[in-house]
A.B. asks: 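Pasting a structure below so you can have a look.
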Amino acid sequence: HSKAAGRNAVRFFDPAMQARVVQRATLQRELRHGLRDGELLLFGQPIVDVRAQVCGHEALLRWRHPVRGMVPPAEFIPVAEQTGLILPIGQWVLREACRVLARWAADPARAGWTLAVNLSARQLRQPDFVDSVRQALHAAGADPRRLKLELTESLLLHDVEDTIAKMEALAGLGIQFALDDFGTGYSSLSYLKRLPLTQLKIDRSFVRDLLTDPNDAAIVCTILQLAQSLEMEVVAEGVETAEQFEVLRAMGCRLFQGYHFGRPAPLEPAQPLGETPTGFGVTIIGAAPPA
Ligand code: C2E
Ligand code: MG
Ligand code: MG
Ligand code: MG
């Protein structure tokens with residue numbers, strides 16, 4: 001104990017650590033203001049079928065910081081999770097995603113598309129989570145069958161019974177669930193069967209070296225077989241080349257996502273010509289309150 005305390009005492013005066021603490025506090029404050037001031041926006045990345053036709057998108061959060069520029073989620077979601085800010089942010093993402101779905105529904109070329117939203121563990125642990133999703137759908141007038149929720153395996157480790165109950169309530173509305181980054185976590189197979197999942201997303205680390213590493217190829221094959229016997233869809237994440245697409249297709253994979261098909265980009269088409277967006281080359285869905 002004294003050793004640990006001593007180490008902490010030293011660390012307390014460690015300037016590098018102090019700098020990190022200050023940095024995190026700054027980020028936290030700026031993120032709170034960013035949410036308030038409409039600096040968050042939703043990008044989307046296409047998910048395609050075996051013919052490379054778009055059948056949906058994954059919503060990916062971005063923060064357009066006035067000074068730092070576009071901040072990727074890896075840099076602010078961990079802070080948002082630690083501080084609880086992920087709750088209002090996650091709510092905003094859900095509502096925004098539902099609005100996008102409602103707009104797509106009015107466009108024959110997009111009416112069948114699904115939109116997948118990433119969830120944090122803290123969101124799912126909120127007692128009123130099911131209600132808040134229902135409200136977001138209702139407020140936008142979106143079809144629940146077009147909404148997908150992406151969960152990670154680690155997220156499922158908390159309070160399994162409660163998680164299953166919430167997932168089943170949402171699945172009852174028609175919402176679909178995908179297990180994200182599959183293969184990197186600890187799911188036991190019997191456990192997978194108990195969850196109302198419709199989709200597994202093969203983590204991109206297995207796709208990256210698929211053509212050169214027989215172990216990765218074997219893992220991908222195993223996931224595809226597993227999904228088939230559990231009657232789930234599979235999305236291969238991180239498909240960057242035509243060769244990866246071909247090999248995955250030959251292995252029996254039916255859905256794909258990755259730079260080969262499209263990078264994450266603003267979910268909204270640019271505003272009508274003449275309305276110049278503020279300072280940037282594109283117009284995006286912002287978190288600004290409606291005028
Ligand atoms: P994810 O859910 O696994 O999302 C896929 C990530 O892979 C995205 O990173 C995407 O840009 C990237 N990606 C897609 N295709 C390729 C490819 O071909 N090659 C490579 N190298 N990367 C590819 P992004 O947008 O930086 O998001 C990172 C993570 O942040 C997401 O991983 C997700 O866990 C989290 N995230 C994003 N948006 C949200 C959100 O609204 N809420 C929560 N809770 N988490 C989010
Ligand atoms: Mg995801
Ligand atoms: Mg993923
Ligand atoms: Mg990931």
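Here, residue 1 is the first one in the sequence, and each next residue gets the next number. As the structure lists them, so they are numbered: ligands from 1, and atoms in each ligand from 1.
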A.B. asks: Looking at ligand 1, does any of its N/O atoms fall within less than 3.5 Å of an N/O of Gln123?
C.D. replies: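 In this structure, Gln123 places no N or O atom under 3.5 Å from an N or O of ligand 1.
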A.B. asks: So is Pro72 close enough to ligand 1, meaning a heavy atom under 4.0 angstrom away?
C.D. replies: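 No.
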A.B. asks: What do we get for Asp181 next to ligand 1 when only non-hydrogen atoms under 4.0 Å count, side chain, backbone, both or neither?
C.D. replies: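 Looking at Asp181 and ligand 1, just side chain atoms fall under 4.0 Å.
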A.B. asks: Below 3.5 Å, N or O to N or O, backbone or side chain included: is there any such pair between Gly258 and ligand 1?
C.D. replies: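 Among all N and O atoms of Gly258, none is under 3.5 Å from an N or O of ligand 1.
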A.B. asks: Has His138 got more than 12 heavy atoms of other residues, nucleotides or ligands less than 6.0 Å from its NE2?
C.D. replies: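 Open: at most 12 neighbouring heavy atoms sit under 6.0 Å from NE2 of His138.
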A.B. asks: Only heavy atoms count here, so choose which of Asp180, Leu61, Asp203 is nearest to atom 41 (O) of ligand 1.
C.D. replies: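 Looking at heavy atoms only, Leu61 sits closest to atom 41 (O) of ligand 1.
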A.B. asks: Does Lys201 reach ligand 1, in the sense of a heavy atom lying below 4.0 Å from it?
C.D. replies: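 It does not, in that no heavy atom of Lys201 comes within the 4.0 Å cut-off of ligand 1.
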A.B. asks: Judged by non-hydrogen atoms, does Glu58 sit under 4.0 Å from ligand 1?
C.D. replies: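 Within the 4.0 Å threshold, so yes.
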A.B. asks: Below a 4.0 angstrom heavy-atom separation, can you tell me which part of Val93, side chain or backbone, both or neither, approaches ligand 1?
C.D. replies: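 Near ligand 1, Val93 shows its side chain, while the N, CA, C and O stay back.
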A.B. asks: Assess whether salt bridge (charged side-chain N to carboxylate O under 4.0 Å, His left out) is satisfied between Glu233 and Arg254, documenting all intermediate values.
C.D. replies: CA-CA 8 Å; Glu233 299 173 344; Arg254 314 292 305 276; over 6 Å; no
A.B. asks: For Arg68, look at atom CZ and say whether over 12 heavy atoms of other residues, nucleotides or ligands are found less than 6.0 Å away.
C.D. replies: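 Count over threshold, so yes.
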A.B. asks: Are any of the N/O atoms on His260, whether in the backbone or the side chain, positioned under 3.5 angstrom from an N/O atom of ligand 1?
C.D. replies: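 No.
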A.B. asks: From Glu150, does some N, O or S atom reach closer than 2.8 Å to the Mg ion (ligand 3)?
C.D. replies: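 No, outside the cut-off.
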A.B. asks: With a 4.0 Å heavy-atom cut-off (strictly under), which part of Gln257 contacts ligand 1: side chain, backbone, both or neither?
C.D. replies: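 For Gln257, there is no contact with ligand 1 at all, from either part.
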A.B. asks: Take atom CD in Gln228; do more than 12 heavy atoms of anything else shown fall under 6.0 Å from it?
C.D. replies: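 Not more than 12 within 6.0 Å, no.
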A.B. asks: Taking all atoms of both residues into account, what is the closest heavy-atom pair of Pro196 and Met167, and its distance?
C.D. replies: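 Distance-wise, the nearest heavy atoms are CG-CB, 3.7 Å.
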A.B. asks: To the nearest 0.5 Å, how far apart are CG in Leu226 and CG in Leu200?
C.D. replies: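 Interatomic distance, Leu226 CG to Leu200 CG, rounded to 0.5 Å: 6.5 Å.
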A.B. asks: Round to 10° and report the angle made at the Mg ion (ligand 3) by OD1 of Asp181 and OE1 of Glu237.
C.D. replies: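 Vertex at the Mg ion (ligand 3): approximately 90°.
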A.B. asks: Calculate, to the nearest 0.5 Å, the distance between atoms CG and CD1 belonging to Asn118 and Ile77 respectively.
C.D. replies: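 These two atoms lie 7.5 Å from each other.
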A.B. asks: Parallel under 30°, tilted from 30 to 60°, perpendicular over 60°: which one fits the rings of Phe76 and Trp63?
C.D. replies: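 Ring orientation of Phe76 relative to Trp63: perpendicular.
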A.B. asks: Select the closest option to atom 33 (C) of ligand 1 among Val71, Ile77, Asn118, judged by heavy-atom distance.
C.D. replies: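 Looking at heavy atoms only, Asn118 sits closest to atom 33 (C) of ligand 1.
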A.B. asks: Short list, please: which atoms of ligand 1 are under 4.0 Å from a heavy atom of Pro73?
C.D. replies: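 With Pro73 as reference, the close atoms of ligand 1 come out as 24 (P), 25 (O), 26 (O), 27 (O), 28 (C), 30 (O), 37 (C).
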A.B. asks: Which heavy-atom pair separates Ala97 from Leu42 by the least distance, and what is that distance?
C.D. replies: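 So the minimum-distance heavy-atom pair works out to N-CD1, 3.9 Å.
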A.B. asks: Distance under 4.0 Å to a non-hydrogen atom of Pro264: what atoms of ligand 1 satisfy this?
C.D. replies: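 Counting from 1, the qualifying ligand atoms are 11 (O).
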A.B. asks: Would you say Asp180 has an N, O or S atom lying under 2.8 Å from the Mg ion (ligand 3)?
C.D. replies: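 Yes.
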A.B. asks: Name of the Glu58 N, O or S atom nearest the Mg ion (ligand 2)?
C.D. replies: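 In Glu58, the heteroatom (N, O or S) nearest the Mg ion (ligand 2) is OE2.
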A.B. asks: For atom CZ of Arg122, is the number of surrounding heavy atoms from other residues, nucleotides or ligands below 6.0 Å larger than 12?
C.D. replies: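 Check passes, neighbour count above 12.
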A.B. asks: For Glu81, is the nearest heavy atom under 4.0 Å from an atom of ligand 1?
C.D. replies: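 It does not, in that no heavy atom of Glu81 comes within the 4.0 Å cut-off of ligand 1.
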A.B. asks: Using a 4.0 Å cutoff against the non-hydrogen atoms of Glu240, which atoms of ligand 1 qualify?
C.D. replies: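 It comes down to these atoms of ligand 1: 17 (C), 18 (O), 19 (N), 20 (C), 21 (N).
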A.B. asks: What do you reckon, does Gly238 put a non-hydrogen atom under 4.0 Å from ligand 1?
C.D. replies: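 A heavy atom of Gly238 does come that close to ligand 1.
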A.B. asks: Are there more than 12 heavy atoms of other residues, nucleotides or ligands under 6.0 Å from atom CD of Glu231?
C.D. replies: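 Atom CD in Glu231 is not crowded, with 12 or fewer foreign heavy atoms closer than 6.0 Å.
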A.B. asks: Which atoms of ligand 1 sit under 4.0 Å from any heavy atom of Glu237?
C.D. replies: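 In order of numbering, the contacting atoms are 3 (O), 5 (C).
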A.B. asks: Testing Glu75, Glu30, Glu39 for side-chain hydrogen bond (donor to acceptor under 3.5 Å, both in side chains) with His65, which one passes?
C.D. replies: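 Single side-chain hydrogen bond (donor to acceptor under 3.5 Å, both in side chains) partner of His65 among Glu75, Glu30, Glu39: Glu30.
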A.B. asks: Just heavy atoms, cut-off under 4.0 Å: does Arg263 contact ligand 1 by side chain, backbone, both, or neither?
C.D. replies: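 Arg263 to ligand 1: no contact under 4.0 Å from either part.
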A.B. asks: Ring centres under 6.0 Å, that's the criterion: do Phe245 and Phe261 meet it?
C.D. replies: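 Close enough - the centres of the two rings lie under 6.0 Å apart.
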